[in-house]
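This report concerns only the one structure given below.
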Amino acid sequence: MDTSLQICEDCDTVHRRRPLSRGEVARCACCGAELDRHHGLGVNELLALVLTSGIVFVVANVWPIVTLGLNGQHVSARLWGVILAMWERGAPIVAVIAAATLFFFPALRMLLLGLVLVQARRGRRGAGFRPAMVALHYLRPWTMNEVFVLGTLVAIVKVRAYFEVATDPGLYGYVALMMLITVFSGVDLRRLWELAREPAA
């Protein structure tokens with residue numbers, strides 16, 4: 001495969017790839033779509049980010065997000081407590097969507113990205129590389145941690161009028177997770193196809 005050429009995904013025009021300097025973006029000469037951009041992070045740095053995200057993900061889900069207090073009584077809420085409460089109170093569809101977009105999809109995305117980065121670091125594709133790349137493409141829009149964090153912060157501001165509200169380590173974990181996911185969301189998956197070669201027949 002000739003890796004010096006690249007095809008515009010929007011208009012199928014073929015372009016010759018050239019090295020990009022820091023902050024530079026290559027665009028299609030015909031339609032202006034983005035073809036490539038300079039990435040400061042290498043495979044090792046991205047793998048370290050994914051491992052850090054996994055640790056933060058555990059922290060965010062093990063510790064409570066907020067503690068509400070009223071008349072001396074305090075109740076702590078974790079993500080799964082909120083999801084189960086929605087399920088039990090007659091909102092099963094919302095509970096399933098919340099569980100998928102806040103827990104299962106982000107966890108699966110981190111696992112798959114870790115798998116393909118390990119194989120890209122070795123320079124060759126192993127078992128599961130191709131389906132993992134396809135799954136990463138489709139999972140990309142379905143991680144909603146940033147929506148959850150913003151919604152939680154707005155809810156905290158609103159309920160302060162009625163309850164004593166204390167933020168817990170789980171919320172800080174989700175804020176950190178949101179930033180980490182934003183960083184590796186900018187990864188151009190096409191680079192990993194090129195870094196991990198097909199095994200010799």
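Throughout, residue positions are numbered sequentially from 1 according to the sequence presented.
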Side-chain contact test, heavy atoms from C-beta onward, threshold under 4.5 Å: evaluate it for C30 versus C8 and give yes or no.
no
When rounded to the nearest 0.5 angstrom, what distance separates CE in M110 from CG in L180?
9.0 Å
Solution key, residues 112-122 side-chain donor-acceptor pairs under 3.5 Å, sequence neighbours excluded:
from : atom 1 : to   : atom 2 : distance (Å)
Q119 : OE1    : G126 : N      : 2.7
Q119 : NE2    : A127 : O      : 3.3
R121 : NE     : N44  : OD1    : 2.5

Examine V165 and Y162 and state if one hydrophobic cluster contains both, with Ile, Leu, Val, Met, Phe, Trp and Tyr joined whenever side-chain heavy atoms are less than 4.5 Å apart.
yes
Kindly list each side-chain donor-acceptor pair under 3.5 angstrom involving residues 45-53, sequence neighbours excluded, with atom names and distances?
from : atom 1 : to  : atom 2 : distance (Å)
E45  : OE1    : G42 : N      : 3.0
T52  : OG1    : A48 : O      : 2.7
S53  : OG     : L49 : O      : 2.8

Going by the ring pair (Phe, Tyr, Trp, His ring centres under 6.0 Å) test, which pairs reach into residues 100-129, not counting sequence neighbours?
F57-F103, W80-F103, W80-F104, F129-W193
Residues that I7 engages under side chain to side chain contact (heavy atoms under 4.5 Å, CB included), provided they are two or more places apart
D12, V14
Which atoms form the tightest heavy-atom contact between I83 and A99, and what is the distance?
CD1-CA, 3.7 Å
What closest approach, in Å, do L136 and R109 show between heavy atoms, and which atom pair accounts for it?
CD2-O, 3.7 Å
Under the side chain to side chain contact (heavy atoms under 4.5 Å, CB included) rule, collect the residues that match up with A85, sequence neighbours excluded.
none
Which residue pairs pass the side-chain hydrogen bond (donor to acceptor under 3.5 Å, both in side chains) test with at least one member in residues 171-181, sequence neighbours excluded?
N61-Y174, T167-Y172
Which heavy-atom pair separates C11 from C28 by the least distance, and what is that distance?
SG-SG, 3.5 Å
Do V56 and M179 land in one hydrophobic cluster if side-chain heavy atoms of ILVMFWY residues count as linked below 4.5 Å?
yes
Of all the heavy-atom pairs spanning A29 and H15, show the shortest one and how long it is.
N-CE1, 3.4 Å
Can you pull out every salt bridge (Lys or Arg N to Asp or Glu O under 4.0 Å) where at least one residue sits in residues 127-137? Sequence neighbours excluded, please.
R130-E198
Joining Ile, Leu, Val, Met, Phe, Trp and Tyr whenever any side-chain heavy atoms lie under 4.5 Å apart, the cluster holding W87 also takes in V96
Heavy atoms only: give me the nearest M86-A98 pair and the separation to one decimal.
CE-CB, 3.8 Å
Restricting to side chain to side chain contact (heavy atoms under 4.5 Å, CB included), what partner residues turn up for I97, sequence neighbours left out?
I93, T101
What about V94 and I65, same hydrophobic cluster or not, with Ile/Leu/Val/Met/Phe/Trp/Tyr joined at side-chain heavy-atom distances under 4.5 Å?
yes
Under the rule for side chain to side chain contact (heavy atoms under 4.5 Å, CB included), what residues qualify as partners of T67, not counting sequence neighbours?
H74, S76, A166, D168
Taking a hydrophobic cluster as the set of Ile, Leu, Val, Met, Phe, Trp and Tyr residues connected by side-chain heavy atoms closer than 4.5 Å, whether directly or through intermediates, do V154 and L171 fall within one such cluster?
no
Co-members of the apolar cluster containing V59 [side chain, <4.5 Å]:
V58, V62, W63
